[in-house]
Number of protein chains: 2
Amino acid sequence: MASPTEHEVLAAVLQIRGGTLQVLAWQRALPPDSGRWALPGGLLGDDEDVEQSVRRQLAEKVDLREVTHVEQLGVFSRPDRVPGVRRIATAFLGLVPSDADPAVPPDTHWHVLAAPAPVLANAAFDHADIVAAARDRLRAKLSYTNLGFALAPREFTISALRDLYVAALGHPVSATNLQRVLTRRAVLEPTGAVAPPGPAGGRPAALFRFTDRTLRVTDASAVLRAPSGSPGEGTRGAVP
Amino acid sequence: MASPTEHEVLAAVLQIRGGTLQVLAWQRALPPDSGRWALPGGLLGDDEDVEQSVRRQLAEKVDLREVTHVEQLGVFSRPDRVPGVRRIATAFLGLVPSDADPAVPPDTHWHVLAAPAPVLANAAFDHADIVAAARDRLRAKLSYTNLGFALAPREFTISALRDLYVAALGHPVSATNLQRVLTRRAVLEPTGAVAPPGPAGGRPAALFRFTDRTLRVTDASAVLRAPSGSPGEGTRGAVP
DNA sequence: CCAAAAGTGTTTTTTCTACACCCATGA
DNA sequence: TCATGGGTGTAGAAAAAACACTTTTGG
């Protein structure tokens, strides 16, 4: 009634590739669940916490410098989630900018997260649940934080950014309003440079960058904010 | 470099008592950290997941029927968080309505979360960090969900509800606006009954209740919502 | 000059805050 | 009738959606 457990960390690494949201997974060669697709991760080391561990494990699959954001999703602990042993997982969301193309091992591939279909077909263990949680977290945070920085290249046009938001959110986004909202919130700033038009012509697009490249909550709205001039201790920011 | 670990669950149970936000903790009698204040919890059992476990553990400290909401906060895993053993904790937020007064064991007390002071003075291990995370999560979710239901009695006046929000958020809240915001979002509904005025007189207050007593995201705002008539798969709800 | 793509101006809608005012009760 | 608390009406402000229109390019 309280045996020792193994503790693993797992990461759902998401990237927008070719206009669709995709997740990195590798194909298991050995039982259990051989042939199925698993998330990168591994057992927690003795002298590291879960955050350090997931970064270490990820470094074995992708160039860590390409992972622009990592955050904890939660614990997955069903007693039967891995057959034979009691293994508890701390799951993470990882994000890679759309212009990166990290080298990955031969057993590792990107998988499209199709809209209505299951998030990761033929997934090992409970890894499909983790991918679903990662996608939901990304969608939620894109709306009220500056998390877009983790999906976008250093510099980009508004329509390129719009395409990223469309792919991640799964619904239409107006480039016009996207620019205005993000600019008002001081999330974006113009670089001054412009991108050359495509072969069909068209006005050259201005280039933008994110003002910050670390997570920041930008929509304090959420109502019930402190009155204009008031004490208030400053909430949110630790949302999760 | 990957020894077995112990896994514990811990709960920061919060309640508004006497107008202030408080947390339930018990005083350790034995080393390590004897004399310090610890959160309720215990080791994960072999045949339960962390959610089941925290409910079981809490039942030993308080009447579980009084705990109206439980949610996972995250993993605390510093290698040295508990001396001598490798013990990983999954932390939870628990909420008790302000009109409950659950019986608790003799070593267990409610502790005020004072505004500027540390959240739990003389806390054992890393439990003060957990309490801080719980308070921040509560504050954030009060603003964009119907989580108030977990702090309030079944029926209440608007000014009583306002006092709960003030205690939890730590800043002034207008009763007028609180009522309108929550009513528009269909979080509150009048019961039809009224509360008798206090000794000083005054108009009798109408009684309200929460329409739902399970967590719901009510502020889909957060911008970048799907256009009026659009596909969109419905985000948020899994925020964390 | 025309099509394509980008960006700006302006209106409308929604949602909240602020504040004045009216309502119901006990002493 | 007056002090006390409760509730409504309404004006203002902020932010975002929607859409028309202008700008800049390539053929």
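Reminder, nothing fancy here: chain letters follow the sequence lines and each chain counts from 1. Keep in mind that the numbers below use all heavy atoms, side chains included, and drop hydrogens, waters and symmetry copies. Please read all numbers here as calculations on a predicted model, not as lab measurements.
- Put simply, Arg184(A) has no side-chain N or O that comes within less than 4.0 Å of OP1 or OP2 on dA14(D).
- Across the protein-nucleic acid pair, Phe156(A) atom CZ and dA5(C) atom P stand 21 Å apart, rounded to whole Å.
- With rounding to whole Å, Leu178(A) atom CG is found 14 Å from dA18(D) atom P.
- Within the structure, a side-chain polar atom (N or O) of Ser159(B) is placed less than 4.0 Å from OP1 or OP2 of dG6(D).
- Regarding contacts with the backbone of dT8(D), a side-chain N or O of Gln179(B) is found under 4.0 angstrom from either OP1 or OP2.
- Position along DNA chain D of the nearest nucleotide to Ala206(B) versus Gly198(A) favours Ala206(B) as the more 5'-ward residue.
- Comparing dA16(D), dT25(C), dT25(D) against the side chain of Pro204(B) picks out dT25(C) as the nearest.
- Here the nucleotide nearest the side chain of Ile158(A), chosen from dA16(D), dA18(D), dG7(C), is dG7(C).
- Residue Thr176(A) places its side chain closer to dC19(D) than to any other of dC19(C), dT17(C), dC19(D).
- Leu188(A) has its CG atom 14 Å from the C1' atom of dG7(C), to the nearest Å.
- The phosphate of dT4(D) (OP1 or OP2) has no side-chain N or O of Arg203(B) nearer than 4.0 angstrom.
- Here Pro199(B) lies in heavy-atom contact (under 4.0 Å) with sugar-phosphate atoms only.
- As a whole-Å value, the separation of Asn177(B) CG from dT15(C) C1' is 11 Å.
- Closest approach to the Val181(B) side chain among dA6(C), dT17(C), dT25(D) is made by dT17(C) (side chain taken as heavy atoms from C-beta onward).
- Nucleotide dG6(D) holds its P atom 12 Å from the CZ atom of Phe208(B), rounded to whole Å.
- No close placement of the His127(A) and Trp37(A) rings is indicated, their centers lying 6.0 Å or farther apart.
- Within the nucleic acid shown, Ala175(B) has no heavy atom closer than 4.0 Å to any nucleic acid atom.
- Between Phe210(B) and Phe156(B), the ring planes lie tilted relative to each other; the angle falls in the 30° to 60° range.
- The distance from atom CZ of Arg216(B) to atom CZ of Phe149(B), rounded to the nearest 0.5 Å, is 10.5 Å.
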Give every donor-acceptor pair under 3.5 Å between a side-chain atom in residues 9-25 of chain A and any protein atom, sequence neighbours left out.
| unit_1 | atom_1 | unit_2 | atom_2 | d |
| --- | --- | --- | --- | --- |
| Gln15(A) | OE1 | Arg17(A) | NE | 2.7 |
| Gln15(A) | NE2 | Pro97(A) | O | 2.8 |
| Gln15(A) | NE2 | Ala100(A) | O | 2.7 |
| Arg17(A) | NH2 | Asp101(A) | OD1 | 2.5 |
| Thr20(A) | OG1 | Arg17(A) | O | 3.3 |
| Thr20(A) | OG1 | Gln22(A) | NE2 | 3.1 |
| Gln22(A) | NE2 | Arg17(A) | O | 3.2 |

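- Taking atom CG of Leu161(A) as the reference point, atom C1' of dA5(C) lies 17 Å away to the nearest angstrom.
- Here the P atom of nucleotide dA17(D) and the CG atom of Leu182(A) are 10 Å apart, to the nearest Å.
- Environment of CZ in Arg213(A): crowded, with over 12 heavy atoms of neighbouring residues, nucleotides or ligands closer than 6.0 Å.
- When rounded to the nearest whole Å, the span between CG of Leu207(A) and C1' of dT24(D) equals 15 Å.
- With distances taken from any side-chain atom of Arg180(B) to the nucleotides dA18(D), dT10(D), dG7(D), the minimum falls on dT10(D).
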